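Single-structure report; data block below.
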Amino acid sequence: MSSSHFRHSSSSALISKHPASSRLALFGGWLGVLFMIPLRRQLIVEEHDNLIYPEGTACADVLIAGERGGSFASRVFLGLGLGGLYTLFQNDNLFALWPSQPDYQPDLGTQHLLKGSAIRADCTPEYLGVGYIIGIRVAAIMLAGGVFSWLVLMPAIYFFGSHLSTPLYPGTVLITQMSPSDLWRTYVRPMGAGAVAAAGLITLLRTLPTIVGALTQGFKKTGSGKAAAALPSRTEHDLPPIVVFGGSLLLILLMFLFLQFKPIPGAQVGALANIAAALLVVVFGFLFVTVSARIVGIVGSSASPVSGMTIATLMATAAIFLVKGWTAPAFGALAITIGGVVCIAASNAGDTSQDLKTGYLIGATPWKQQIAIMIGVIVSIFSIGATLNAMNKGLETFQRLPKPIVFSLDKLPDGVQNNGQFTRDHIAFAHGDRAVEQISNAKQYVLLNAIGSTTLDDGKYLYNPVTGQIEVQWIQGIGSEKAAAPQGRLMATVINGILSRKLPWALVLLGVAIVVVVELLGVRSLTFAVGAYLSVATTLAIFVGGVMRWMVDRAMLRHAAEKARLEHDASLALWHSDRDTWLAQHPDFDPTNPAHADDGGVPVFNAITARDVTLESEVSPGSLYASGLIAAGGIVGLLGVCVKLYEAATDRSIPRFSEHNPLHHDPVSVVMFALLAFSLYYFARKPLTREG
């Protein structure tokens, strides 16, 4: 359940580089657990049928299947095996036999129709499995958001902006020079962040009465007498409210003390600002813990837009700071501190809700799970922090600029900061995946950091004071193409843009307006907003899984109807040959009831086939196989990351298929993903058997 932590590694990397930051990571992780506890009954129990929690359900399926044995367990391992084999050849970090993401960028006719758009799919088994579990309805709404962003907004941006002779802020290059990914990152994601924030607020307002009721009921249980004596059953026993609320208050107090006396470097501010930061963590933390826990119940942790919630937090925080006149660089560092804690709280709340869903399905004791998760937070601070630091160091590269940029340190443009002398002696310049040149006098350079500049792309650069030019770009490991984390740079741009009064609020408010339109259409906007924020590559792959679920349901329904018809025909034969025996088998039969018999008194079809036909049981063939696919994508994908770390540390490369091999083409990727989807359709219809 840690995918969301790794997906949003930018904030985790921030909190892992300093001891004080590790404490803030601990606070955020624990707050995510504590804030989730009062919501467990509402989200996990009372909305059991509405909120699926795909990964949590998948884990429960795996556990139940392992206990039952037979084809229950083998179906999971079959999905794990085939999905793992598929990922081994599909993943770019491993063999990369065919493209991992087929991509089609329309540019039709002389009028360049749909230019700026793209149709692509992240053809991973985990997205296929998640789509199958959440079903066609939710997957279709998510894809609708993606289609709106990638096939409507982005072509419109290109159409209206293609004639501009200067870059359109927040872009730093001409729109005609932007790829679809550039358009998405620069213009659509701010809209998506506004949409997710607005939809999350609407969702919170809808669920606020039930949340207040859950909190009120929790406080009542802390009383004495009969109320206290009526202890809940083992499977309903959460940590007591005194622990939840007392622990939350203690964490907030400790956070204030650490911000005041042991702050993150660069975030030294006054007591009033630190008190405000602690209070903002409470407000935004509880807001987005609630939103995150609900989102992952719909679309799963893999597609949860935690970065969108974090960006919304940063926008609101920076706006408050701007109103107060707190625009110094230290307040920018304080804002990212608040955003990082809220990010971790929301992310961990989503994972906690998945774990609690698993426990609910298998009959676990909630308070024991909650303690175990809090212990896991402590372990993850060290393990994830060390891993991210290793990734950042191992995957970093230095590249000489094709054309050095003349610069003056005395007149730095907006958005470019002088971070002082570069501190390393040796650096290696990269060419492809291998270092080909090294220099030993790197301390001669001055480190520049560009965030939200209109003259220099975001990133870190090395300036040579001797030549008066920017000569080298320092590409961090986390955030590079090898470990993309565009959210981190976007967050920095948001903070800098608001505090410097240059954030494109028009884009954010467009996202809010989109959510209002969707709500007026009678569609729950949160799922649509998530789809609009995410890449269409994610939503399209999930939609394929949803289509497989729809096809399986229809096939099972046809099979059930055929079976029922055969049973009806056999029953009618018995009715005509031995009516007394038939009546003995159907004591509730009423010949005067039109639902039981026709005008002639002959039993009708519904009378003898009236029963609940469950298309997808709690442990179904499809959900088990999909669970194996989800596990395969996560495990083998993590193996690919380990391989890249090994290559970075040893300067060796594992054998891979060349991009010029005959199978490295987009149609091959589509065919292979279609075959994997067909395997899901096939094994989802194959009945399970129990051993013993």
Side-chain angles (χ1 to χ4, degrees), residues 1 3-4 7 43-44 47-62 79 83 121-147 196 199 203 291-306 350-351 353-358 360-361 523-554 556 614-634 673 676-677 680-681 684:
M1 295 300 170
S3 58
S4 56
R7 287 177 59 248
L43 299 180
I44 305 299
E47 296 197 49
H48 171 64
D49 295 330
N50 299 326
L51 299 178
I52 301 172
Y53 292 97
E55 289 91 346
T57 301
C59 287
D61 289 345
V62 171
D122 195 356
C123 298
T124 62
E126 59 264 37
Y127 286 149
L128 183 66
V130 167
Y132 183 89
I133 292 176
I134 67 176
I136 184 67
R137 172 64 179 170
V138 174
I141 295 176
M142 284 185 64
L143 180 62
V147 169
V196 170
T203 300
V291 173
S292 176
R294 179 171 288 274
I295 285 179
V296 300
I298 300 172
V299 302
S301 296
S302 301
S304 177
V306 176
D351 293 342
S353 62
Q354 298 279 13
D355 295 338
L356 292 176
K357 181 71 168 186
T358 300
Y360 175 73
L361 292 174
V523 178
R524 292 296 177 94
S525 59
L526 187 57
T527 306
F528 182 91
V530 171
Y533 177 80
L534 296 173
S535 169
V536 73
T538 299
T539 56
L540 183 55
I542 291 176
F543 178 73
V544 173
V547 171
M548 293 303 103
R549 172 69 176 270
W550 175 76
M551 293 174 60
V552 169
D553 284 350
R554 286 179 60 86
M556 294 181 67
T614 303
L615 297 181
E616 276 288 332
S617 64
E618 188 178 76
V619 182
S620 66
S623 64
L624 289 174
Y625 188 80
S627 301
L629 293 178
I630 294 172
F673 192 60
L676 185 67
L680 174 58
Y681 173 75

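Nothing fancy with the numbering, it's 1 onward along the sequence. Given the structure is predicted, the values throughout are model-derived calculations rather than measurements.
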Query raised in the report: How many angstroms lie between CD1 in I141 and CZ in R137, if you round to the nearest 0.5 Å?
Result: 4.0 Å

Query - M142 side chain reached by L534 side chain, heavy atoms, under 4.5 Å - result: yes

Requested in this report: Hey, could you give me the CD/CD1 distance between E126 and I542, rounded to the nearest 0.5 Å?
Outcome: 9.5 Å

Requested in this report: Report the residue from I136, L128, V147, V138 that forms a side chain to side chain contact (heavy atoms under 4.5 Å, CB included) with F543.
Outcome: I136

Report summary line: Nearest heavy-atom contact between I52 and I134 is CD1-O, 3.6 Å

Query raised in the report: Closest heavy-atom contact between I133 and S627?
Result: CD1-OG, 4.5 Å

Query raised in the report: Is L43 close to Y53 at the side-chain level, that is, under 4.5 Å between some pair of heavy atoms?
Result: yes

Requested in this report: Would you mind reporting whether Y132 and L629 have side-chain heavy atoms less than 4.5 Å apart?
Outcome: no

**Report entry** Distance-minimising heavy-atom pair for G83 and A632
**Finding:** C-CB, 3.5 Å

Report task. Please report the closest heavy-atom contact between A529 and V196, naming both atoms and the distance. Result -> O-CG2, 3.8 Å

Report summary line: OG1 of T539 to CZ of F528, rounded to nearest 0.5 Å, is 10.5 Å

Report summary line: All heavy atoms of V291 vs all of L526, minimum pair found to be CG1-CD1, 4.4 Å

Report task. State, to 0.1 Å, how close G56 and T358 come at their nearest heavy-atom pair, and which atoms those are. Result -> O-OG1, 2.7 Å

